[in-house]
There are 4 protein chains.
Amino acid sequence: MARKRSDDKRGRILEAAVKVFARKGYFGARVSEIARKAGVADGTIYLYFRNKEDILVSLFDEVMAEHIARARQEVGRTKGAAARLRVVAEHHLSLFSGNADLAVVFQVELRQSTKFMERFTATWLQDYFALLTEVMAAGQREGALRSDLPLKLATKAFFGVLDEMVTSWILGRKDYDVGDLAAPVVDLFLRGAASPAKEREARPALRAVASARGGR
Amino acid sequence: MARKRSDDKRGRILEAAVKVFARKGYFGARVSEIARKAGVADGTIYLYFRNKEDILVSLFDEVMAEHIARARQEVGRTKGAAARLRVVAEHHLSLFSGNADLAVVFQVELRQSTKFMERFTATWLQDYFALLTEVMAAGQREGALRSDLPLKLATKAFFGVLDEMVTSWILGRKDYDVGDLAAPVVDLFLRGAASPAKEREARPALRAVASARGGR
Amino acid sequence: MARKRSDDKRGRILEAAVKVFARKGYFGARVSEIARKAGVADGTIYLYFRNKEDILVSLFDEVMAEHIARARQEVGRTKGAAARLRVVAEHHLSLFSGNADLAVVFQVELRQSTKFMERFTATWLQDYFALLTEVMAAGQREGALRSDLPLKLATKAFFGVLDEMVTSWILGRKDYDVGDLAAPVVDLFLRGAASPAKEREARPALRAVASARGGR
Amino acid sequence: MARKRSDDKRGRILEAAVKVFARKGYFGARVSEIARKAGVADGTIYLYFRNKEDILVSLFDEVMAEHIARARQEVGRTKGAAARLRVVAEHHLSLFSGNADLAVVFQVELRQSTKFMERFTATWLQDYFALLTEVMAAGQREGALRSDLPLKLATKAFFGVLDEMVTSWILGRKDYDVGDLAAPVVDLFLRGAASPAKEREARPALRAVASARGGR
DNA sequence: AATGAATGAGAGTTCATTCAT
DNA sequence: AATGAATGAACTCTCATTCAT
């Protein structure tokens, strides 16, 4: 809210950065190119951002803050685990479905280094996982989800599926709308791939995997 | 014959590179540091690799060639969709479970750029997806998997889950064995998260998502 | 306007380059040494020149452009082939007589490679030869020069003599002024070395050498 | 004569070097390329030459030793200044006329640096100049050459003309034989460019240029 | 607040030369 | 004598960042 003088130079820089990062990659992106695309002088970038990395990090923080807040809000207004998971999936996928450049930045460029990954994990991914875990735990309490569902594992799995859908989309021809995958993804997650037939080959009892409690 | 004195310099360089890439990141890694760690002169690197990027790409190609071949082989010896998916999951996870540095390189460094990602997709990921799709299609034919299972989507989902397990593991405290997650992951994938109870809230029919036919 | 602070950085870089190229040779010259001598940072060089080669080429282009223009101008103000040739010779020799470093660069460094030589030939040498040929053709028309003088050959010869005077001077002790050679050189070129005596040994008729029409 | 074991590796290396130096330039030439073209191992080069520079210098020394010896010999068998100058010119030009690669090496590559130039001046050029000066001094004594001919200047001039003919030829289309220029060059040198007419514009007395005694 | 000329550290890669075989 | 794998010094150029204006 601070520097909102003239015509939102900060916003223009972020927009330009998304484009340049998406096309050239973070390391390949030149600060001067971002400046040119944003219509400002090189030095001006440094009035709004500490350094090149701060542009990427800020971009991510701002998009995520809003995204999570909105997802959480709508989840709050929704009843039932299945519906709630659908809400999350729809939010997740639609965040990128209209903006391939942003998707590239989030799926590829932001994962440049363990440093970024760890920061990303420590900030919003943790929140995001907490939201998913809450939804699932509630689902268990209300009987919609299996009581023996390993929550941590299921949370990561759910995220992993959505993440792969986005990555797969940006690396492919993008001739479909990722947003449309929300329903089938949730359906698969809930019902599983196995045929519901009575007799199937030995279905091993779910070994409680206390191990997957691991961080991230 | 050729490289007489060399006691597998090439292998030593690759090993050193895994370590350095894992610790410093691809861009942060210095060729001279790899050379030092491998116990060779800087110039020697260039007798075995075209350039820095070629080290990363070769590393990936060689590990993957062997990995896929072995997975495919054991899948061939195994019967039943569930068992086969477990084989794939075990291979995938155990590839990294003993080698966190390799995991970092594959999960993080190799995804530096869309350029790498696209290469990776075009080469082995395509093969890997094909293997998974075959296994699932066979599973449908034998009645083990739902006949309305969207194969492309399920393939990506299965991969996405495994991929996230590895990423999550390397970014966390690594105080468990990722390899142990194979069984629970496959179980979740097959049975789904939903409670098998008769009455659950509206389970929407799986909308055939012809859209997810997209590339990658 | 533009480069505000610059007190002719470009000029200072060129001056420094002449010194460094003359002392170390083009390949032996270090860009950082030129920068140091010019009192600028290494990177600054690249604000004014595309690369190291561009420094050499620019140097040559700028000196030559002015040199040829001035020679052509004074030739235009002078009457008579002999006087005009003297003007050219004086210009040529005096260009270097006060500046041994520049002479070294032009006589030695600029001839590093056929690439430079060809460029040099294609640009100003062609102009220079044209000027000389014009002067001589006019000399023939006015009767001052032999009508059977092979113009192309004579042009090259005249240039060759001047060029050798400069080269010889820079490689020697430089204890005389090359500029003073203009008059005797032109005199030799005009009168020839042979004794004007009636009886000399067989003077073979000048075989028209259509062959020397060759390029350059 | 020393190492003449197997099949004249030394000669093959020199031949290969002429080609590579001519095509790539001295600095651009790779020792390994010379080795490859000569059909020997890289290391073998160093059994015959101290280093890369020594290849160039040896090449030049050997060609020159023979060239000068032969020119001097034939000059000894020839009578009259004009004929002798023609002998020298013919030798000079025919040395290169059949071998454009050698010409490039001698006219361009050997002039890489003042270091080479000075060595070249100190060794054979001095000899060559001495031969020319002797021929001209004898010509003066026998009355064929003007008694007021400045010998040093005339020597350099004669060399300069020949040198330019060769350079001009290699940089041009080479669609004529440089060797054919010997006669017209000598003719021009002897008779001069001026019309022999009685009345010409002021012919300034030749100012004795004691100064041009300078080295080289 | 904005500019953009100037900075200068930094690293991938080449290649002449060596020397164990 | 011959080899060629190994060496490692050396250098141009880029580009994030600064700061005088």
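Since the structure is predicted, the reported quantities are computational estimates derived from the model, not experimental observations. By convention in this document, chain letters (A, B, ...) are assigned in the order of the sequence lines, proteins followed by strands, and residues within each chain are numbered from 1.
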Nearest-Å distance, [atom1] ([X]) to [atom2] ([N])?
| X | N | atom1 | atom2 | answer |
| --- | --- | --- | --- | --- |
| A:Arg50 | F:dA16 | CZ | P | 17 Å |
| B:Ile45 | F:dA5 | CD1 | C1' | 15 Å |
| C:Ile13 | E:dT7 | CD1 | C1' | 13 Å |
| A:Phe49 | E:dA2 | CZ | P | 13 Å |
| B:Leu47 | F:dG8 | CG | P | 13 Å |
| B:Tyr46 | F:dA10 | OH | P | 18 Å |
| D:Tyr26 | E:dC15 | OH | P | 14 Å |
| A:Arg36 | F:dA16 | CZ | P | 13 Å |

Problem - Nearest-0.5 Å distance, NZ of residue C:Lys9 to OG1 of residue C:Thr44 - result: 6.5 Å

Practice task
Give me the residues of residues 27-34 of chain D where at least one heavy atom lies under 4.0 Å from an atom of DNA chain E, by number, or none.
Solution key: D:Ala29, D:Arg30, D:Val31

Problem - Summary of side chain to side chain donor-acceptor pair (under 3.5 Å) pairs that have at least one residue in residues 56-65 of chain A, sequence neighbours excluded - result: A:Arg10-A:Glu62, A:Asp54-A:Ser58, A:Asp61-A:Arg119

Practice task
Please collect all side chain to side chain donor-acceptor pair (under 3.5 Å) contacts where either partner lies in residues 29-43 of chain D, sequence neighbours excluded, each pair once.
Solution key: D:Lys24-D:Glu33

Exercise for the section: Determine: side-chain N/O of C:Tyr48 to OP1/OP2 of E:dA5, distance under 4.0 Å, yes or no. Expected result: no

Practice task
Check whether any side-chain N or O of C:Lys9 sits under 4.0 Å from OP1 or OP2 of E:dA6, and answer yes or no.
Solution key: yes

Exercise for the section: Check salt bridge (Lys or Arg N to Asp or Glu O under 4.0 Å) between D:Glu53 and all other residues, then give those that pass, not counting sequence neighbours. Expected result: D:Lys115

Handout entry: Those residues that, when tested against D:Glu66, pass salt bridge (Lys or Arg N to Asp or Glu O under 4.0 Å) (two or more places apart)
Key = D:Arg70

Handout entry: Contiguous Watson-Crick or G-U pair runs (3 or more, under 3.5 Å) in DNA chain E
Key = E:2-21 with F:2-21

From [options], pick the nucleotide closest to the side chain of [X]?
| X | options | result |
| --- | --- | --- |
| C:Val40 | E:dT7, E:dT13, F:dC13 | E:dT7 |
| B:Thr44 | E:dA2, F:dA6, E:dT13 | F:dA6 |
| D:Lys52 | E:dA16, F:dA1, E:dA2 | E:dA16 |

Problem - For D:Val166, all residues meeting side-chain contact (heavy atoms from CB on, under 4.5 Å), sequence neighbours excluded - result: D:His92, D:Leu93, D:Phe96, D:Ala103, D:Gln107

Practice task
Go through the structure and list residues passing side-chain contact (heavy atoms from CB on, under 4.5 Å) with D:Val31, not counting sequence neighbours.
Solution key: D:Ile45, D:Tyr46, D:Lys52

Problem - Pairing residues for B:Tyr26 by the ring-ring contact (aromatic ring centres under 6.0 Å, His included) criterion, not counting sequence neighbours - result: B:Phe21, B:Phe116

Exercise for the section: Return yes if some donor-acceptor pair links the side-chain N/O of A:Arg12 with the main-chain N/O of A:Ala38 below 3.5 Å, else return no. Expected result: yes

Problem - Most 5' of C:Gly43 and B:Asp42 on DNA chain E, judged by nearest nucleotide - result: C:Gly43

